[in-house]
Amino acid sequence: MVERSLYERANAIFPPVANRATSLGIVKGEGVYLWDEEGKEYLDFASGVAVTNVGHNHPYVVQKVVEQCQTLIHGGHNVVYYPTYVELGEKLIEAVDPNYKVYFSNSGAEANEAAIKLAKQVTKRPGIISFKRSFHGRTLATTTLTASNSDYRQNYEGLLPSVYYADYPYATRSGLNEEDEVKRCIGVLDDIFHCLIAPEQVSSIIVEPMQGEGGYVVAPKAFIKHLRKVCDDHGILLIFDEVQTGFGRTGKLFAYEHFDVKPDILTLAKGIANGFPLSAIVAKGELMDAWTQGTHGGTFGGNPVACASALAVLELLQDKYIDNAKKMGEYFVQELTQLKEKYDEILEIRGLGLMIGVEFVTKTGEPNADLVKKIISKALEKGLILLNCGVDKNVIRFIPPLIVKEEEINKAITIFSECLEEQL
């Protein structure tokens with residue numbers, strides 16, 4: 001009898017909503033590589049969707065996790081205090097601002113849900129402004145905030161009330177120069193305030209400083225600075241969703257550092273603990289102090305083992321891997337740019353650090369999701385794991401672990417180039 005694959009066994013017991021981007025059954029991970037159940041090696045440039053920022057099974061992370069497992073696995077952050085929880089909180093505040101405070105949850109969606117609850121609780125205002133092409137999670141509230149795919153919302157309407165959607169600058173697709181595109185998007189925001197909801201009724205504006213699922217689109221600094229001014233002028237809280245951009249991914253610990261703008265509330269997850277369920281919101285102390293006991297909570301947030309992992313990750317990132325992300329990101333873009341010069345189908349290469357998107361179009365300039373699908377499939381056959389993004393699914397994203405070396409980038413470039421050559 002032939003043993004069924006993990007994919008086949010999973011299909012028998014899980015619903016379609018649990019489907020994956022690949023059919024791989026993975027049994028081992030180390031550094032930038034994964035191995036499937038048949039022993040085939042894969043170069044992982046997906047990182048579990050920007051999670052394993054210091055690589056799979058980093059020995060220092062494993063050491064700290066094992067040590068923590070031998071002392072305390074669960075205490076309950078509604079019941080007791082424990083060292084890794086407090087120490088991680090201290091480290092995050094030290095990294096962001098000593099006048100901020102932190103609260104731990106389990107996932108990015110939970111962090112974003114907590115952020116909007118905090119904003120509503122403190123401001124006593126109902127409205128929230130999000131952005132088209134954004135992704136903030138899949139709970140009912142964060143599904144409302146998300147505006148990148150109507151499938152995420154199908155049959156869940158109506159959702160959270162009083163959420164309004166502004167335009168996020170995307171000059172490459174609008175055909176405008178960056179300055180005019182920023183002006184256009186500011187005009188859309190002004191129209192929301194004029195026609196739909198007065199700014200004095202808005203609790204918060206939630207924005208990704210670099211959109212993830214929306215296509216790896218980097219916001220112009222002028223736009224982010226304008227949002228900061230609007231929030232300051234009207235008492236609105238500015239929330240940065242850094243679930244995907246945080247923890248060194250963009251070549252700085254947090255992406256907001258690229259914009260010289262600090263949010264009132266910062267949400268973090270994914271790379272925070274290298275695969276252990278953990279997320280956090282970091283917000284101004286005066287806001288957190290007004291968030292009274294009983295108005296939010298959770299059982300597993302800030303788990304001792306997850307916090308131990310996060311402490312190890314933060315130490316490794318600050319020691320050398322943030323710098324490596326910047327250096328390797330610049331090298332990666334340089335190599336990809338040479339391919340852009342060769343193929344008209346590559347519309348743009350963009351990103352920050354090791355969060356890089358390559359957008360594909362047809363000969364007539366339309367989004368080319370079909371080509372992206374074929375390239376990703378062919379790359380997988382050759383041992384390279386890639387993911388797509390963008391509302392039209394015509395962007396390939398490169399998100400390798402931040403420990404990646406030139407030789408591994410070169411290997412990925414070679415495979416990617418071969419796939420392009422074969423498809424074009």
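Every value quoted in this text rests on a predicted model; they were computed, and no experiment measured them.
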Q.
Among Lys393, Arg133, Arg397, exactly one meets salt bridge (charged side-chain N to carboxylate O under 4.0 Å, His left out) together with Glu213. Which residue is that?
A.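 With Glu213 as partner, Lys393, Arg133, Arg397 yield a single salt bridge (charged side-chain N to carboxylate O under 4.0 Å, His left out), made by Arg397.
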Q: Measure centre to centre between the rings of Phe135 and Tyr152, then say whether the value is under 6.0 Å.
A: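 Yes.
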Q: Tell me whether the centres of the aromatic rings in Tyr103 and His77 are closer together than 6.0 Å.
A: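 Yes.
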Closer than 4.0 angstrom, basic N to acidic O: yes or no for [X] and [Y]?
{"X": "Glu330", "Y": "Lys326", "answer": "yes"}
{"X": "Lys411", "Y": "Glu408", "answer": "no"}
{"X": "Arg350", "Y": "Glu359", "answer": "yes"}
{"X": "Arg184", "Y": "Glu181", "answer": "yes"}

Q: Look up atom CG in Leu402 and atom CG in Leu354, then write down how far apart they are to the nearest 0.5 Å.
A: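 Between Leu402 CG and Leu354 CG, I get 6.0 Å after rounding to 0.5 Å.
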Q.
Below 30° counts as parallel, above 60° as perpendicular, anything between as tilted: where do the rings of Tyr85 and Phe104 land?
A.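 Taking Phe104 first and then Tyr85, their aromatic rings stand perpendicular (interplane angle over 60°).
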Q) Checking side chain to side chain donor-acceptor pair (under 3.5 Å) against His136, which of Thr267, Thr144, Asp241, Thr142 comes through? A)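 Checked Thr267, Thr144, Asp241, Thr142 against His136; only one passes side chain to side chain donor-acceptor pair (under 3.5 Å): Asp241.
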Q) Counting heavy atoms not belonging to Glu38, are there more than 12 under 6.0 Å from its CD? A)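 Not buried by this count: 12 neighbours or fewer within 6.0 Å.
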(Q) Lys270 and side chain to side chain contact (heavy atoms under 4.5 Å, CB included): which single residue from Thr245, Val51, Thr52 fits? (A)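 Checked Thr245, Val51, Thr52 against Lys270; only one passes side chain to side chain contact (heavy atoms under 4.5 Å, CB included): Val51.
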